[in-house]
Structures are given as structure tokens and as C-alpha cells.
There are 2 protein chains.
Amino acid sequence: MENFSQTEENYLKAIFKLSEREDKPASTNAIAGEMSTSAASVTDMLRRLAEKGLIHYEKYRGVALTEKGNKLATGLIRKHRLWEVFLLEKLRFSWDEVHDMAEQLEHIQSPELVERLDEYLGRPKFDPHGDPIPDAAGNFTFRKQVFLSALNPGEAGVVVGVNDHSPAFLQYLDRIEIKLGVQLRIAERFDYDESVRIMLGETNEQVLSKKVSQNLFIQKF
Amino acid sequence: MENFSQTEENYLKAIFKLSEREDKPASTNAIAGEMSTSAASVTDMLRRLAEKGLIHYEKYRGVALTEKGNKLATGLIRKHRLWEVFLLEKLRFSWDEVHDMAEQLEHIQSPELVERLDEYLGRPKFDPHGDPIPDAAGNFTFRKQVFLSALNPGEAGVVVGVNDHSPAFLQYLDRIEIKLGVQLRIAERFDYDESVRIMLGETNEQVLSKKVSQNLFIQKF
DNA sequence: TACAATTTTTAGATGAGTCTAAAAATATTT
DNA sequence: AAATATTTTTAGACTCATCTAAAAATTGTA
Ligand SMILES: [Mn+2]
Ligand SMILES: [Mn+2]
Ligand SMILES: [Mn+2]
Ligand SMILES: [Mn+2]
């Protein structure tokens with residue numbers, strides 16, 4: 001397959017992410033926001049990506065990835081998440097440090113390297129933030145999960161992912177000792193500020209703000 | 001420290017390599033050859049690198065790296081060779097496959113990553129081709145070595161490196177079962193074509209061509 | 001439906017890195 | 001030393017990715 005520039009690859013990822021969030025064509029402005037660039041630059045790039053058959057693009061109508069573009073974007077996400085696992089599992093970085101390095105590593109071109117890395121890591125299905133790692137064919141493992149904020153008192157489950165990937169949030173979770181795999185039960189929910197009291201085990205209890213509870217993914221028991 | 005483009009980094013490596021080969025300023029043409037580009041493009045880039053304080057450059061006089069340029073080039077070589085070790089030791093690639101991937105990986109920007117990788121690999125002093133890996137301060141381990149072609153009959157030693165890094169040569173060495181660490185002794189040298197007969201152990205003998213003997217580094221016993 | 005607000009595209013410019021062709025400087029021969 | 005060959009630089013053009021400002025299209029509202 002042809003090679004594309006890192007910039008082109010980053011646009012594909014941005015479009016993928018936006019299409020994933022909402023199931024409709026990504027707008028020029030939304031892409032500009034995601035890429036931290038001007039709408040004019042985006043329009044330029046969209047023309048080029050369409051030219052190369054990576055996106056469906058009609059002026060003023062927004063864009064969607066083509067089969068080819070989707071394959072490429074999925075491959076990038078696969079590489080990004082595998083490298084994150086490597087950095088955490090093998091090089092012992094913490095989950096708030098791995099993203100920036102993976103942003104660079106995802107652009108390394110070598111199908112064989114990705115395959116070997118995957119094998120070396122034991123073919124992980126999820127990355128350090130709980131996001132699914134697509135397999136070589138591009139298939140994501142689906143997992144039934146809900147926001148912690150959607151749980152009712154008495155319901156319990158295990159923390160399986162984060163919605164907010166910012167180092168600030170991840171470091172906060174470290175501080176309050178919440179990590180992937182932690183089991184919890186909703187003890188009480190306060191209507192006043194929509195915060196919740198959770199039980200970790202039988203004795204350890206904590207109150208989480210609305211904001212925190214909206215950024216944690218839980219798999220219910 | 002500032003960041004430089006991959007292109008700029010590759011020019012620095014090329015200049016480093018040329019200055020290493022011969023201890024005099026690298027010429028525009030030599031750099032063009034090393035970079036597979038035109039002399040005109042090189043002149044352009046030299047102006048820019050000089051502007052950034054990475055090289056000493058006088059028109060028509062060739063170039064040498066500044067302290068700053070040398071530090072950067074050494075850092076790139078460190079990263080390149082560490083990644084080669086990783087690819088071979090951890091991902092089980094062969095020594096003829098690792099270079100091209102390392103050419104990409106050497107541009108990943110993250111001092112902390114290099115440090116962790118070095119530690120993870122056990123702070124190796126040499127890469128899969130026997131080339132020394134500079135430490136974090138930029139110091140290369142020096143090793144007394146000679147070309148196999150410089151050995152006389154009766155002399156013995158161990159294979160510690162290759163001069164030719166091409167996959168073709170490395171694969172040929174695999175085929176005749178010569179790898180780093182192999183011990184050998186010169187049994188006979190033929191003046192006719194400057195080939196040599198070597199003994200690997202007491203019974204296994206082989207004849208190596210002049211070309212092969214000029215591309216193997218030996219550490220004498 | 002018409003006017004206003006927002007979004008998107010176009011136009012024109014810039015810098016990095018590249019090219020070819022031509023001019024200038026340096027090195028080699030005779 | 002002069003002529004010739006080689007190397008290096010300059011000049012001008014191209015692509016990619018970006019910008020700002022202005023024009024055009026779409027969407028929202030009165
Ligand atoms: Mn990430
Ligand atoms: Mn992640
Ligand atoms: Mn190499
Ligand atoms: Mn090497």
C-alpha cells in the first residue's frame with residue numbers, strides 16, 4: 001500500500017474519531033478543532049485526501065472515510081494502542097505518560113513490526129486506558145460498558161476504561177487509587193450535585209464528583 | 001533542546017558518518033551522495049544547519065559538525081542502535097532486517113524513552129552489527145579491532161563486527177554461519193586472489209573471498 | 001421568506017525541502 | 001600559466017502544509 005505523510009495520517013485519525021463520536025459526516029470546523037488548525041487548511045487537506053481516495057468529500061457536506069481510509073485509520077489506532085501497552089508493560093511508564101510517545105510511534109511504517117509487537121505483548125485486546133485494540137483485520141473487541149454516572153445505588157461493577165484521557169484526570173485517579181480492574185458498588189447518589197458515594201471493597205468508601213463519574217467506564221456485574 | 005526535522009537530523013547523521021570515515025570536512029557532493037539528493041539541495045540545507053548552529057560552514061570549504069551538532073548526531077546514533085538491539089533481542093528480527101525500522105525509530109523524540117529503553121535492554125554497549133552504542137553522555141566504547149584481511153596465517157581472533165551493513169552481506173554471513181562472537185584462525189592466505197582459508201574450531205574450515213575478509217572486523221586474541 | 005449568523009471555501013502568501021539548469025569557484029592537466 | 005574538468009553555488013520553479021482575509025454557501029431566526 002502507498003505511504004502517506006504523518007499529517008495525512010493525523011487527519012484520518014481525526015476524522016475517524018469524529019465519525020465514531022457521532023454517526024454522521026465530520027464537519028470542516030470539527031476537524032479543524034481536533035487538529036488545532038484553521039478551517040482553510042482543513043479544506044485544502046480534504047481536497048487532497050479525497051483525491052487519494054481516502055475520504056468521501058462533497059463541498060459543504062462534510063466528510064466520511066472510505067473503506068481505504070477506514071482501514072488506514074484503524075491501523076493507526078492499532079499501532080498507537082499497541083505501543084501504549086508496550087510503554088506501560090515493558091518500559092514501566094505510567095498511563096498518563098504513554099499517549100504522547102505513542103502519537104509519534106504510531107507513524108512508524110512496518111507491518112511486520114506491528115505484528116511482532118502484538119505477538120510480543122501477548123496480543124492484548126485493550127490498551128492502558130481500556131480502549132479496545134483492533135486486530136490485524138481491523139476488528140474491535142466490543143464490550144458492554146456504561147458511565148459510572150449511569151449506575152444506580154446498589155449496582156456494582158468493575159472499572160474498565162476512561163473517557164477523559166488527560167494526564168490531569170489520570171493522575172487524579174492514581175491519587176485516589178482508582179485504576180482499571182477496580183471493583184466498586186454505588187452506595188448512594190446525591191441529587192444536589194450529582195456526586196456519588198462508592199464502596200471499594202467492604203470498608204473503603206469514597207465520594208466521586210459528577211465530572212469524575214462521567215469519565216469512568218464501568219462493566220456491570 | 002529545540003526540535004529538528006527528520007530531514008535535518010538525517011543530514012547531521014550523514015555529516016557525522018562522513019567526518020568519521022575521513023577526518024576532514026565533509027564535501028557537498030559527498031553529503032549529496034550519502035543523502036541521495038542533489039548538490040543544490042545540500043547547499044540549501046547547509047545554509048540552514050549553519051544558521052541553527054549545528055555545523056561550521058564556509059562556502060566551497062566543506063562542513064564539520066559543531067559541538068551542538070555532534071551531540072545531536074551522537075544521540076541519533078544512540079537511538080538507532082538501541083532500537084536495533086530491541087528489534088533483534090526482543091522482537092526476534094534478524095540482523096539484516098533491523099536497520100530500516102531503526103531509521104524511522106531513531107527520530108522519536110523523548111529522552112525519557114531512550115533512557116528506559118537502554119535500561120530495559122540492559123545498557124548494551126554494541127548493536128547487532130557490532131557497532132558501539134554511545135552512552136547518554138555521548139561516549140563510544142572503543143574496541144581494538146582489525147579487518148580480517150589484515151590478519152596473517154596463524155593469527156586468530158573473534159568476529160566482533162561488520163563493515164558492510166547490507167542485507168545481502170549479512171544474509172550471506174548467515175548462510176555460511178558466521179556471526180558475531182564466532183572464533184576463527186587464519187589457516188592460509190592465497191596471494192592469487194587474496195582469499196583466505198579460515199578454521200572455525202579444529203575441523204570446520206572455509207575459504208573467504210577478499211571482499212568478505214575486508215568487511216569483517218576481528219578482535220585478535 | 002428575508003435577514004443575520006455561522007460555516008466553509010477561495011485567494012493569495014509563506015517556509016521547508018526538493019528539483020533542473022546555469023553560473024561561479026576550485027582543482028587538475030597540459 | 002592557461003586550458004579543462006570538477007565541484008559548488010545561485011536562480012527559478014515545484015509540492016506540501018500552513019496562515020489570514022475575504023467571498024460564498026448554508027443554517028438559524030424573526
Ligand atoms: Mn493514546
Ligand atoms: Mn490509549
Ligand atoms: Mn543501522
Ligand atoms: Mn547497526
Side-chain angles (χ1 to χ4, degrees), chain A residues 1-15 18-19 21-22 24-65 69 72-73 76 103-104 106-107 109, chain B residues 1-15 18-19 21-22 24-65 69 72-73 76 103-104 106-107 109:
Chain A
M1 208 181 236
E2 312 130 89
N3 279 10
F4 299 94
S5 73
Q6 296 201 183
T7 310
E8 288 170 326
E9 292 191 338
N10 286 334
Y11 271 93
L12 292 179
K13 272 208 311 171
I15 295 165
L18 291 166
S19 310
R21 268 215 273 282
E22 312 194 43
K24 60 182 169 78
S27 74
T28 300
N29 250 10
I31 298 168
E34 193 67 40
M35 295 288 297
S36 302
T37 189
S38 71
S41 301
V42 173
T43 302
D44 261 18
M45 180 56 90
L46 294 184
R47 220 191 313 283
R48 252 172 293 142
L49 293 178
E51 188 62 43
K52 298 186 180 183
L54 295 166
I55 59 172
H56 296 293
Y57 172 50
E58 278 180 279
K59 290 207 291 189
Y60 296 102
R61 287 291 105 111
V63 292
L65 296 175
L72 237 136
L76 287 163
E103 279 296 304
Q104 299 179 63
E106 73 191 6
H107 300 290
Q109 309 267 13
Chain B
M1 209 183 236
E2 311 131 88
N3 278 9
F4 299 94
S5 72
Q6 296 203 183
T7 310
E8 289 170 325
E9 293 192 337
N10 285 334
Y11 271 94
L12 291 179
K13 270 208 314 169
I15 295 165
L18 291 166
S19 309
R21 267 216 272 286
E22 313 194 42
K24 60 183 169 76
S27 74
T28 300
N29 251 10
I31 298 167
E34 194 66 40
M35 295 289 296
S36 304
T37 189
S38 71
S41 301
V42 173
T43 302
D44 262 16
M45 180 55 89
L46 294 184
R47 221 190 314 282
R48 251 173 293 143
L49 293 177
E51 189 60 45
K52 298 186 180 183
L54 296 165
I55 58 171
H56 296 294
Y57 172 49
E58 278 179 278
K59 290 206 293 189
Y60 296 101
R61 289 290 103 112
V63 292
L65 296 174
L72 237 137
L76 287 164
E103 279 297 302
Q104 299 180 61
E106 72 190 7
H107 299 292
Q109 308 267 13

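Below, each value reflects all heavy atoms present in this structure, side chains not excepted, and no hydrogens, waters or symmetry copies.
For B/Ala39, counting side-chain heavy atoms from C-beta on, the closest listed nucleotide (D/dT9, C/dT8, D/dA17) is D/dT9. The side chain of A/Tyr60 has D/dT26 as its nearest neighbour among D/dT10, D/dT8, D/dT26. Here the side chain of B/Arg48 is nearest to one of C/dT18, C/dT9, D/dT18, namely C/dT18. Across D/dT10, D/dA17, C/dT10, the shortest atom-to-atom separation from the side chain of B/Thr43 is found for D/dT10. Checking D/dT26, D/dC19, C/dA21 against every side-chain atom of B/Ala40, the shortest atom distance belongs to C/dA21. Of the candidates D/dA11, D/dA17, D/dT8, the closest approach to any side-chain atom of B/Asn29 belongs to D/dT8. Of the candidate nucleotides D/dT9, C/dT18, D/dT10, D/dT9 has the atom nearest to the side chain of B/Tyr57. Closest contact between the side chain of B/Thr28 and the listed nucleotides D/dT8, C/dT9, D/dT26 involves D/dT8. Here the side chain of B/Ser38 is nearest to one of C/dT20, C/dA16, D/dC19, namely C/dT20. When each of D/dT8, C/dT26, D/dA17 is scored by its nearest atom to the side-chain atoms of A/Met45, the top-ranked nucleotide is D/dA17.
Note on B/Thr7: only backbone sugar-phosphate atoms sit closer than 4.0 angstrom, heavy atoms only; bases stay farther off. Looking at heavy-atom distances under 4.0 Å, B/Phe4 makes no contact with the nucleic acid at all.
Here the P atom of nucleotide C/dA16 and the CG atom of B/Asn3 are 15 Å apart, to the nearest Å. When the C1' atom of D/dT8 is taken as reference, atom CG of B/Asp44 falls 12 Å away, rounded to whole Å. In this structure, A/Arg47 atom CZ and C/dT8 atom C1' are separated by 11 Å, rounded to whole Å. Regarding A/Met35, its CE atom lies at a distance of 16 Å from the P atom of C/dT8, rounded to whole Å. Between the P atom of D/dC16 and the CG atom of A/Leu46 lies a distance of 15 Å, rounded to the nearest Å. Taking atom CD1 on B/Ile31 and atom P on C/dG17, their separation rounds to 15 Å, with Å as the unit. Between A/Leu49 atom CG and C/dT9 atom P there is a gap of 13 Å when expressed in whole angstrom units.
B/Leu54 has its side chain within reach of B/Phe4: a pair of non-hydrogen atoms, C-beta onward, lies under 4.5 Å apart. Taking the side chain as every heavy atom from C-beta outward, A/Val63 and A/Ile31 approach each other to under 4.5 Å. Annotation: side chain of A/Met35 is not in contact with side chain of A/Met45 (no heavy-atom distance under 4.5 Å). Between A/Leu46 and A/Lys59 there is no side-chain heavy-atom pair separated by less than 4.5 Å.
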Can you check side chain to side chain contact (heavy atoms under 4.5 Å, CB included) on A/Asn10 and A/His107, steps first, answer last?
CA-CA 9 Å; A/Asn10 286 334; A/His107 300 290; 3.1 Å; yes

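Within the structure, a side-chain polar atom (N or O) of B/Ser5 is placed less than 4.0 Å from OP1 or OP2 of C/dG17. Checking the phosphate oxygens (OP1, OP2) of C/dT26, no side-chain nitrogen or oxygen of B/Lys59 falls inside 4.0 Å. In this structure, B/Ser41 reaches the C/dC19 phosphate: one of its side-chain N or O atoms is under 4.0 Å from OP1 or OP2. The side chain of A/Arg61 contributes no N or O atom lying less than 4.0 Å from OP1 or OP2 of C/dT8.
Projected onto DNA chain C by closest heavy-atom contact, B/Lys52 and B/Ser36 fall at different nucleotides, the more 5' of which corresponds to B/Lys52.
Classification of B/Glu8 and B/Lys52 as a salt-bridged pair holds, one side-chain N sitting under 4.0 Å from a carboxylate O.
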